[in-house]
Structures are given as structure tokens and as C-alpha cells.
Amino acid sequence: MRESQILDADFFGRDTVEVARDLLGCVLCRRVTPRRVIRVRITEAEAYDGFEDRASHAHAGRTARTEVMFGPPGRWYVYLCYGVHWMLNIVTRESDYPAAVLLRGSDEVYGPGRLTRLLQVNLDFNRLPAIPASNLWIERGEPIPMGRIECHPRIGVAYAGPYWSQLPWRFTWVK
DNA sequence: TAAGTGATCTCT
DNA sequence: GAGATCACTTAA
């Protein structure tokens, strides 16, 4: 695999909504053993962007948990949801601008909790850079055909109010 | 449809 | 330290 195909900080440092859309079709790679790499194509992703986004964890301010969202782009933000499920996010935008993209689904499994279970991802990956040395990284995929991307409101964020919960910041790749 | 589950955060 | 709150899944 050529080095240039691994998504880096230049990719993740851009506008969060664009990154979320562009991640569709990209390949999430997880090395589970020295000889085994699980590869899945990303089919659904959600953007969480900025201080003002009431659906974002960062809206409440900078805390120990959300600190990584304020850090440099291209790092993993992992947290536990409902006491059961690990959620996998990739940090976007420049340092001091809190933003991330939640990876919600893939061609192999659908659902953010199922995705992390399949890939054996847990809090150990929090704050690590998305590079092969971390055993969890993303590679560029084949472009998605025109008209195969849909955008929808984000899931489970009704508490953010009508405006923020209805923004079309969830992108899905429909086959 | 509702229980399960535990880190995180807010309020004492 | 206690209580509320969750970017969800599963079994029924």
C-alpha cells in the first residue's frame, strides 16, 4: 500500500462536514495481530463541529474527555456510550477548534457500537494518531459514484434542539 | 419497547 | 460522593 493513500492531518484538518462526506468509501484499517488487518469501507459518518454545535461534546467546554477534540487533526477520539458501546471518532480541524467525525457504519457492519466491536476498538485508542503504527488508520478508497451520497440529520441528538439536531451532517453511502 | 451499562459531568 | 445523562444494542 502506497504511503500516499493513508489519510493524514492535511485531510482531517479541513472543514469537518467535508471530511465526514469525503470519508465515505474510505477504508478503515485495524491491525488486530501482526499478520491480520481488518479492512472495512466507511458507509456512514457524522460531523460534530465547533463550540456552538449543541450536539457536540465540546459544546460544554474543554474537559478531560473532550480535550482531544481540541487537539490537532487526525487523532482518534474514543468514548463509552450508554456504558456499553465504544464510539470511534476522528478529530478534524486545527488545534483549539473542537471538531470530530463519528464513524457510524461500514460495509461489514452497521452501527457505531457494532463497528468498534468488530474492529476491537476501545479506550486504548483514544488520543492516538490515525497512523499504521497505532494499528488503526484510514486509507483513501475508490471514489463513490455520483448521486450515491445522501445527507440526513444526525442520530440521537434531539437534546441539541431543533436547529442543531436537524442539520444534515450525517452522510450515508447508498448502494 | 425497555433494560442494561459505566464513564463523565454537575451539583452538593 | 450522589445523581443525571447519555452520538446504542439487544432481546422480547
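Proteins get letters first, then strands, A, B, ... in listed order; numbering begins at 1 in each. Values reported hereafter were calculated over all heavy atoms of this structure, with side chains retained and with hydrogens, waters and symmetry mates removed. Source: prediction; values computed, not measured.
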Participant: Atom OH of Tyr77(A) and atom P of dT8(B): how far apart are they, to the nearest Å?
Facilitator: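 Checked: the OH to P distance equals 9 Å.
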Participant: What stem regions, each of at least 3 consecutive Watson-Crick or G-U pairs below 3.5 Å, can be found for DNA chain C?
Facilitator: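 Expected stems, ordered by start: B:1-4 with C:8-11, B:6-11 with C:1-6.
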Participant: So, for Val91(A) and Pro72(A), which heavy atoms are closest and what is the spacing to 0.1 Å?
Facilitator: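 It is CG1-O, 3.5 Å.
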Participant: Given atom CZ of Arg65(A) and atom C1' of dC9(B), what is their separation to the nearest angstrom?
Facilitator: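 It is 8 Å, rounded to the nearest whole Å.
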Participant: For DNA chain B, whose closest nucleotide is more 5', that of Val84(A) or that of Leu123(A)?
Facilitator: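 Its nearest nucleotide lies further toward 5', so the answer is Val84(A).
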Participant: Between Ser134(A) and Pro129(A) (side chain of the first, backbone of the second, donor and acceptor by atom type, cut-off under 3.5 Å), is there such a pair?
Facilitator: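 Present.
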Participant: Any Lys/Arg nitrogen of Asp96(A) or Arg62(A) sitting under 4.0 Å from an Asp/Glu carboxylate oxygen of the other?
Facilitator: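 Yes, Asp96(A) and Arg62(A) are salt-bridged.
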Participant: Specify the closest pair of heavy atoms between Thr116(A) and Trp86(A), including all atoms of both residues, with the distance to one decimal.
Facilitator: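 For Thr116(A) and Trp86(A), the tightest heavy-atom pair comes out as OG1-O, 2.7 Å.
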Participant: Whole-Å distance between dC9(B) P and Tyr79(A) OH?
Facilitator: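 After rounding, the reported distance stands at 12 Å.
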Participant: Starting from P on dT5(B), measure out to CE on Met87(A) and report it in whole angstrom.
Facilitator: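 Atom-to-atom, Met87(A) to dT5(B), this comes out as 16 Å.
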Participant: What's the shortest heavy-atom distance between Thr63(A) and Thr66(A), and which atoms?
Facilitator: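 Taking every non-hydrogen atom into account, N-OG1, 2.9 Å.
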Participant: Restricting to ring pair (Phe, Tyr, Trp, His ring centres under 6.0 Å), what partner residues turn up for Tyr97(A), sequence neighbours left out?
Facilitator: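 By the ring pair (Phe, Tyr, Trp, His ring centres under 6.0 Å) rule, Tyr97(A) matches no residue at all.
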Participant: Along DNA chain C, 5' to 3', what are the outermost nucleotides having an atom less than 4.0 Å from a heavy atom of chain A?
Facilitator: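 Contact boundaries, 5' end first: dC6(C) to dT10(C).
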Participant: Do Arg154(A) and Glu46(A) meet the salt-bridge criterion of a basic N to acidic O distance under 4.0 Å?
Facilitator: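 Salt bridge between Glu46(A) and Arg154(A), a charged N being under 4.0 Å from a carboxylate O: no.
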Participant: Heavy atoms under 4.0 Å, any strand shown: does Arg117(A) hit a base, just sugar-phosphate, or nothing?
Facilitator: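 Sugar-phosphate, no base atom in range.
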Participant: Taking Arg114(A) for the side chain and Tyr110(A) for the main chain, is one N or O donor matched with an acceptor at less than 3.5 Å?
Facilitator: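 Checking the backbone N and O of Tyr110(A) against the side chain of Arg114(A), a donor-acceptor pair under 3.5 Å is found.
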Participant: Give one of base, sugar-phosphate or nothing for Ile155(A), where a contact means two heavy atoms less than 4.0 Å apart.
Facilitator: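 It contacts sugar-phosphate atoms only.
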Participant: Using a 4.0 Å heavy-atom cut-off, does Arg154(A) contact any base of the nucleic acid, only the sugar-phosphate backbone, or nothing at all?
Facilitator: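 Here Arg154(A) touches no strand at all.
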Participant: Leu80(A) CG to dG4(B) P: how many Å, rounded?
Facilitator: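 From Leu80(A) CG to dG4(B) P: 17 Å.
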Participant: What's the shortest heavy-atom distance between Pro132(A) and Ile6(A), and which atoms?
Facilitator: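 That would be CG-CD1, 3.5 Å.
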Participant: Please report the distance, rounded to the nearest Å, between NE2 in His59(A) and P in dT10(B).
Facilitator: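 These atoms are roughly 11 Å apart.
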